[in-house]
**Student:** 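Below you'll find the structure I mean.
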Amino acid sequence: MKKTQHLNLHQSKLNTHEFLLCIFGTGDLGRSLGQRLLQSGYKVVYGSRRPHSCGPVPQGAQVMSHTAAAQSASVVFICIQREHYGFLEQLAPQLKRKVLVDVSNNLRKNLYPEANAEYLQRLTPEAYVVKAFNTLSAWALQNGPSDSNRQVYLCGNSTEAKEAVTEIATRLGFSVQDRGSLSAARELEDFPLQLFPLWRLPLRLAFGLTAFFFFYLLTRDVIYTYATQKKDISFRIMVSLANKVFPIVSLIMLALCYLPGVIAAVFQLYRGTKYRRFPDWLDRWMLCRKQLGLLALAFAFLHVLYTLIIPIRYYVRYKIAASTIAKMKENQTSELDTTIAWRSDSYYSMGILGFGLYVLLGITSLPSVSNALSWREFSFIQSKLGYLTLFFCTFHTYLYGWDMFLRSSYYKWYTPPGYMLSLLVPSVVLVLKLLLLLPCVDRSLTRIRQGWERTEPQDDNPSIFVC
Amino acid sequence: MKKTQHLNLHQSKLNTHEFLLCIFGTGDLGRSLGQRLLQSGYKVVYGSRRPHSCGPVPQGAQVMSHTAAAQSASVVFICIQREHYGFLEQLAPQLKRKVLVDVSNNLRKNLYPEANAEYLQRLTPEAYVVKAFNTLSAWALQNGPSDSNRQVYLCGNSTEAKEAVTEIATRLGFSVQDRGSLSAARELEDFPLQLFPLWRLPLRLAFGLTAFFFFYLLTRDVIYTYATQKKDISFRIMVSLANKVFPIVSLIMLALCYLPGVIAAVFQLYRGTKYRRFPDWLDRWMLCRKQLGLLALAFAFLHVLYTLIIPIRYYVRYKIAASTIAKMKENQTSELDTTIAWRSDSYYSMGILGFGLYVLLGITSLPSVSNALSWREFSFIQSKLGYLTLFFCTFHTYLYGWDMFLRSSYYKWYTPPGYMLSLLVPSVVLVLKLLLLLPCVDRSLTRIRQGWERTEPQDDNPSIFVC
Amino acid sequence: MKKTQHLNLHQSKLNTHEFLLCIFGTGDLGRSLGQRLLQSGYKVVYGSRRPHSCGPVPQGAQVMSHTAAAQSASVVFICIQREHYGFLEQLAPQLKRKVLVDVSNNLRKNLYPEANAEYLQRLTPEAYVVKAFNTLSAWALQNGPSDSNRQVYLCGNSTEAKEAVTEIATRLGFSVQDRGSLSAARELEDFPLQLFPLWRLPLRLAFGLTAFFFFYLLTRDVIYTYATQKKDISFRIMVSLANKVFPIVSLIMLALCYLPGVIAAVFQLYRGTKYRRFPDWLDRWMLCRKQLGLLALAFAFLHVLYTLIIPIRYYVRYKIAASTIAKMKENQTSELDTTIAWRSDSYYSMGILGFGLYVLLGITSLPSVSNALSWREFSFIQSKLGYLTLFFCTFHTYLYGWDMFLRSSYYKWYTPPGYMLSLLVPSVVLVLKLLLLLPCVDRSLTRIRQGWERTEPQDDNPSIFVC
């Protein structure tokens with residue numbers, strides 16, 4: 001029956017090149033959608049409570065009572081707010097076997113116990129409800145697809161109803177992605193409300209770390225110099241200070257991106273099973289590793305640019321000229337120190353290689369790239385190359401520090417230089433990772449991850465390693 | 001009936017591992033496709049007007065008359081040019097219930113009133129016409145999918161026919177995207193003909209601006225110096241001049257990317273409604289904003305590289321050495337000017353932050369990234385962060401200019417320096433945007449965008465603001 | 001019948017919000033999957049050989065005999081290793097009309113003559129076998145989708161069965177891509193085993209070239225200096241030497257990316273047909289052009305960074321200061337040499353423009369970007385702009401060399417400088433490409449690519465050109 005009806009729809013379209021659609025609601029949404037449908041060659045009839053005084057509708061569209069409108073078409077767009085869905089229960093007989101397209105959104109999440117589309121299905125149990133179009137912007141609904149509004153997600157329990165809606169969406173120029181049965185409606189309704197949920201924690205962390213290290217270094221560098229030497233070097237804030245804060249935050253965040261994986265392994269080793277869920281905080285941390293990594297990459301990118309403009313800065317040129325003139329006057333014949341040359345070149349080399357790998361990690365986290373990789377490939381890059389990146393960047397920072405940590409003059413006001421603080425987390429992560437790679441630990445972990453369980457917790461000697 | 005037939009096809013394939021396909025036409029296309037089908041394990045039979053003298057066909061394929069070939073298979077590939085479709089009308093009875101795959105393309109757009117596939121459907125009304133494979137290159141059709149030729153688009157009115165073609169395409173190694181009913185055929189036929197349609201206007205604009213500023217600055221810098229001082233500084237064209245033109249064009253194009261949005265808002269405020277279409281030029285302008293922005297990013301990228309190589313240029317090293325020697329000789333003890341240090345560092349800092357955001361905007365305009373964003377997220381980035389980018393870059397340019405505009409020596413031949421011209425459009429955009437953010441203007445605009453209309457144009461006091 | 005059953009499933013889910021699934025096998029895979037299904041609101045029943053001693057199953061799941069479990073559900077997940085599939089043949093009557101989901105993977109490719117899923121279908125001919133979920137990591141199966149594990153590929157002969165599995169996958173949070181009939185199962189089973197198959201050859205080549213040029217230049221630069229002048233300049237390895245090796249390897253690999261296209265054209269011209277397959281080595285070479293190009297881009301990226309840090313290196317600052325002091329002392333008044341200025345600036349300019357185009361090529365090879373391009377656009381970029389990139393980079397290298405090749409002092413130990421070796425392949429490719437663009441050669445090639453064949457190989461005068 002359903003099938004036949006659907007094929008008839010098609011037939012009628014093909015024969016007459018006219019396809020009648022019904023819209024319930026003459027508000028902004030109904031009007032925008034109707035305008036677009038008319039432009040795409042459809043005929044549109046509006047259903048309204050007050051067909052004769054319902055406000056303007058797009059030119060070419062008719063307005064009828066809800067009942068008459070519903071009877072004239074087989075697809076009905078519900079452009080009404082959820083609060084007013086109630087009256088549709090009375091219309092249920094007229095909407096029997098109709099495709100009802102729920103395009104509604106809510107103002108915030110979890111406002112209602114069930115999704116709008118599921119509520120609509122409950123009111124009209126014999127209609128075929130399809131959730132669709134709600135993720136588009138109002139602009140795209142009125143004016144057609146644009147770069148960021150090309151994808152229409154839909155879900156519903158009737159395949160034929162979804163096909164009918166797919167056909168309409170395709171005609172309007174959108175491409176359609178089927179998200180399954182109506183139980184996915186809540187997800188679709190939550191989607192337009194989301195504003196970078198997974199980015200919040202990493203962003204807060206980044207801001208927090210940036211602020212902390214900014215004030216820490218401001219105190220140690222600018223204020224300390226002013227307090228002890230009465231010299232104002234505040235002009236160094238814009239570049240020199242920024243270029244200390246950015247790499248520090250970047251390195252810490254990169255390490256924080258690999259720390260939860262190490263902690264998870266320790267949990268599994270300690271518990272002797274992989275079937276128990278991790279604590280909530282670890283789960284949430286693991287879910288935002290990609291975002292942590294990408295923010296770390298952004299800071300690294302800024303660090304690279306800030307480093308590369310060093311030689312064109314007025315201050316640097318002034319200093320170099322002054323130092324050349326000073327050398328000239330003292331008639332010094334300073335020798336090239338090959339140790340310094342080795343160290344400074346290695347330092348830059350490590351930094352460049354680390355940044356290169358960093359960028360590679362960033363590229364493979366682009367959705368279209370990571371989708372094209374098998375997970376074996378993805379985990380090779382993100383884990384093996386990831387740790388290599390962390391190693392390069394940490395080594396780069398150690399080379400930068402060199403023997404600075406031995407000289408007491410660097411501990412101004414008894415505080416360690418910023419770079420030392422930045423080395424804490426990455427060093428811990430690298431050491432823990434090395435421990436996990438020890439053959440006997442690695443063997444235990446592999447067995448646990450293949451499903452093996454240490455079943456006797458009451459064992460007298462609960463060794464966690466299979467050595 | 002249709003269903004049954006389709007299932008039988010499947011049955012036969014599963015049982016015998018042989019699946020017979022028919023190709024009409026033994027030209028290049030038919031031959032390439034046949035070769036590929038044979039390699040993928042299908043059996044191929046060609047339909048030809050002159051089965052005994054039709055030229056070479058791939059080894060293993062049979063050649064028959066059109067009628068005999070059509071009867072032997074249930075899927076027929078039409079590898080004939082549209083001009084010769086006529087004879088298919090007589091074959092219509094034999095093609096009844098067959099799946100006809102139209103793979104044809106035209107030499108240019110709008111050559112015919114209807115799409116080739118729709119014409120084919122009209123000639124053979126009882127066949128199931130599917131448009132497919134036409135977007136692939138000849139190379140991919142013959143040799144299988146490659147990186148850029150993996151996607152097969154198809155459309156047609158019969159779901160079962162599309163499934164049969166999907167099955168074949170998947171076997172050939174392609175992945176399939178269904179574009180809806182046969183009415184999408186025109187779009188699919190236009191697709192292979194397109195050559196960056198949305199990039200043309202932005203590219204022309206970029207070339208125009210680049211040429212204008214190149215000659216403007218060539219005159220002001222090189223020719224002026226030669227005319228007034230008889231000094232040839234033409235070697236500065238390759239880097240110094242390029243590095244003035246690129247940032248100027250980049251900034252102007254970035255501003256032009258945000259200008260149409262501001263103009264659209266003014267239109268909506270003035271008209272008091274969002275339901276009237278914008279003028280055509282504005283529509284076209286708005287559609288190519290992404291392209292404008294990406295070109296601006298490309299110019300900014302070149303500007304960054306040209307800036308970073310400054311200190312390794314021969315000319316710059318010569319100048320710095322000369323200036324150091326001169327200072328030495330004059331026995332000057334120049335002081336570090338902290339104002340200049342502040343300004344130069346701020347200037348670089350603004351530039352770097354602006355470029356960082358620029359790159360972020362570029363990344364989010366990658367299709368796979370923008371598809372993963374809700375439009376709320378996308379508009380946050382492209383609009384809020386976009387204006388921030390424009391602000392940073394404009395501020396960067398103002399800091400570059402500093403008090404240059406006060407010194408008459410910079411107005412060579414009564415023309416303003418290039419950077420001043422580049423500041424015009426961005427300043428206008430930023431000021432207009434600030435005006436639109438004024439509470440009472442913003443409130444009016446929001447109401448209009450939510451569907452409200454100012455209905456009495458005959459009103460005595462047609463205030464456009466709801467203050 | 002099938003249809004009805006499927007609709008009943010849906011009905012039951014909608015009515016009771018409970019959906020019973022069966023899992024055969026209580027090993028790690030079955031346990032992980034069951035846990036996830038339970039979390040997503042399904043009911044799970046396990047089928048086991050020893051229902052009473054089968055080891056732990058997730059809380060809330062039941063364990064039954066295989067027969068009882070199969071009868072209770074309409075979808076059965078086969079979480080058993082292929083070696084133990086045998087017993088399913090006896091269960092075939094109970095599995096009739098059931099959807100069997102094969103999630104198995106093998107330890108290496110080509111272990112068995114047929115895909116696991118095809119073997120399963122042969123054992124249970126009346127069941128609807130669907131291959132699915134095997135490309136996910138164990139982590140994703142247990143914990144739900146993550147960034148790189150969102151896509152579920154499936155294939156099978158029954159559309160209804162695939163729909164049922166799609167529904168489950170969507171509920172688990174995955175998005176589904178249908179890969180056609182069960183004949184695609186082998187491809188899906190090979191996918192998780194692959195580790196960058198197309199990258200191997202290019203990576204080996206890159207390592208080989210890097211190693212060769214590293215030792216070549218180490219000998220010419222560091223060892224030669226030590227041997228002849230007893231001076232240790234080994235500190236130059238980290239940056240100076242690396243920055244010679246990277247651009248050389250990059251340029252050669254970029255040229256190797258365009259060489260096979262040229263060779264293929266020569267083959268086609270010589271054979272006078274496009275219908276004969278290329279030799280295997282050429283086919284394989286052509287398939288990894290994208291990977292060659294991306295590796296070349298990676299090396300170019302490193303070259304750019306290594307170049308840009310030059311002026312902040314300790315060694316370079318030392319040299320510049322020393323040279324300024326030396327000039328000062330000698331009281332030289334060196335003049336600005338505009339030829340050197342032109343050459344050095346052109347050299348940098350070419351490099352920057354070449355790198356800019358390089359990056360553009362890299363961006364368009366991102367899957368989501370190349371999918372959005374018509375192949376006319378793609379071939380415009382990859383071919384036209386690709387050759388332009390090669391030309392810029394080659395020209396950049398020629399400008400770097402300048403008249404070095406004339407001076408015998410550069411031929412240390414009778415070996416040519418590295419940059420000369422790097423120019424060989426690109427020069428050959430550019431010259432060959434120019435020859436192919438000659439009107440009469442181009443015309444022949446175009447005709448051949450449109451399907452024309454030179455049919456008389458016994459011709460006395462086998463001219464390959466249509467001049």
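Here is the naming used below: chain letters follow the sequence lines, and residue numbers restart at 1 for every chain. Hydrogens, waters and symmetry mates play no part in the numbers below; they use all other heavy atoms, side chains included.
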**Student:** Using a cut-off of under 4.5 Å on heavy-atom pairs, state which of C/Ile310, C/Leu336, C/Thr338 scores highest against chain B.
**Tutor:** C/Leu336
**Student:** Out of B/Ser32, B/Ser137, B/Ser234, B/Ser240, which one racks up the most heavy-atom pairs below 4.5 Å with chain C?
**Tutor:** B/Ser137
**Student:** Do you know which two heavy atoms are closest between B/Phe235 and C/Asp345, and how far apart they sit?
**Tutor:** O-OD2, 3.5 Å
**Student:** Looking only at heavy atoms and a cut-off of under 4.5 Å, which of C/Ser365, C/Ser346, C/Ser344, C/Gly356 has the most pairs with chain B?
**Tutor:** C/Ser346
**Student:** Between B/Ala321 and chain C, which part of the residue has a heavy atom less than 4.5 Å away: side chain, backbone, both or neither?
**Tutor:** both
**Student:** Is B/Asp28 salt-bridged to C/Lys274, going by a charged N under 4.0 Å from an acidic O?
**Tutor:** yes
**Student:** Under a 4.5 Å heavy-atom cut-off, does chain C meet the side chain of B/Pro58, its backbone, both or neither?
**Tutor:** neither
**Student:** At a heavy-atom separation under 4.5 Å, does B/Tyr153 approach chain C through its side chain, its backbone, both, or neither?
**Tutor:** side chain
**Student:** Stepwise, does the side chain to side chain contact (heavy atoms under 4.5 Å, CB included) test hold for C/Arg277 with B/Gln39?
**Tutor:** CA-CA 12 Å; C/Arg277 288 200 81 89; B/Gln39 278 163 11; 2.9 Å; yes
**Student:** Do B/Arg31's NZ or CZ and the ring of C/Tyr275 fall within the cation-pi criteria of under 6.0 Å and 45°?
**Tutor:** yes
**Student:** Which bit of C/Ile320 is near chain B, if near means a heavy-atom gap under 4.5 Å: side chain, backbone, both or neither?
**Tutor:** side chain
**Student:** Nearest 0.5 Å, please: how far is OG1 in C/Thr307 from CD1 in B/Ile309?
**Tutor:** 10.0 Å
**Student:** Distance from B/Tyr314 atom OH to C/Ile340 atom CD1, nearest 0.5 Å?
**Tutor:** 4.5 Å
**Student:** Would you mind telling me which of B/Thr324, B/Leu136, B/Thr166 has the largest number of heavy-atom pairs within less than 4.5 Å of chain C?
**Tutor:** B/Leu136
**Student:** Please look at B/Gln177 and chain C and tell me whether the side chain, the backbone, both or neither of the residue comes under 4.5 angstrom of a heavy atom of that chain.
**Tutor:** neither
**Student:** Side chains of C/Val304 and B/Leu305, heavy atoms from C-beta outward: is any pair under 4.5 Å?
**Tutor:** yes
**Student:** Select one option (side chain, backbone, both, neither) describing which atoms of B/Phe191 are under 4.5 Å from chain C's heavy atoms.
**Tutor:** both
**Student:** Return the option, out of B/Val176, B/Asp232, B/Leu193, B/Ile237, with the maximum number of heavy-atom pairs under 4.5 Å with chain C.
**Tutor:** B/Leu193
**Student:** Looking at every heavy atom in both B/Ile325 and C/Lys327, which two are closest together, and how far apart are they?
**Tutor:** CD1-CB, 3.9 Å
**Student:** For B/Pro367 and C/Ser368, which heavy atoms make the closest approach, and how far apart are they?
**Tutor:** CG-O, 3.6 Å
**Student:** Can you tell me which portion of B/Phe196 sits under 4.5 Å from chain C's heavy atoms? Options are side chain, backbone, both or neither.
**Tutor:** both
**Student:** What part of C/Arg343 gets within 4.5 angstrom of chain B, counting heavy atoms only: side chain, backbone, both, or neither?
**Tutor:** neither
**Student:** Of the backbone (N, CA, C, O) and the side chain (C-beta and beyond), which part of C/Ile312 lies under 4.5 Å from a heavy atom of chain B, both, or neither?
**Tutor:** neither
**Student:** Using non-hydrogen atoms and a 4.5 Å limit, figure out which bit of C/Asp178 sits close to chain B: side chain, backbone, both or neither.
**Tutor:** neither
**Student:** Below 4.5 Å, heavy-atom pairs only: which of C/Ala184, C/Ser349, C/Ser323 has the largest tally toward chain B?
**Tutor:** C/Ser349
**Student:** Taking it one step at a time, do B/Phe301 and C/Leu360 satisfy side chain to side chain contact (heavy atoms under 4.5 Å, CB included)?
**Tutor:** CA-CA 11 Å; B/Phe301 179 70; C/Leu360 181 64; over 6 Å; no
**Student:** For C/Ser374 and B/Gln194, does a side-chain donor sit closer than 3.5 Å to a side-chain acceptor?
**Tutor:** no
**Student:** Is it the case that atom NZ in B/Lys109 sees more than 12 heavy atoms from other parts of the structure closer than 6.0 Å?
**Tutor:** yes
**Student:** Could you check if a side-chain atom of C/Glu377 sits within less than 4.5 angstrom of a side-chain atom of B/Pro192, using non-hydrogen atoms only?
**Tutor:** no
**Student:** Measure the spacing between CZ of B/Phe174 and CZ of C/Arg179 and express it to the nearest 0.5 Å.
**Tutor:** 11.5 Å
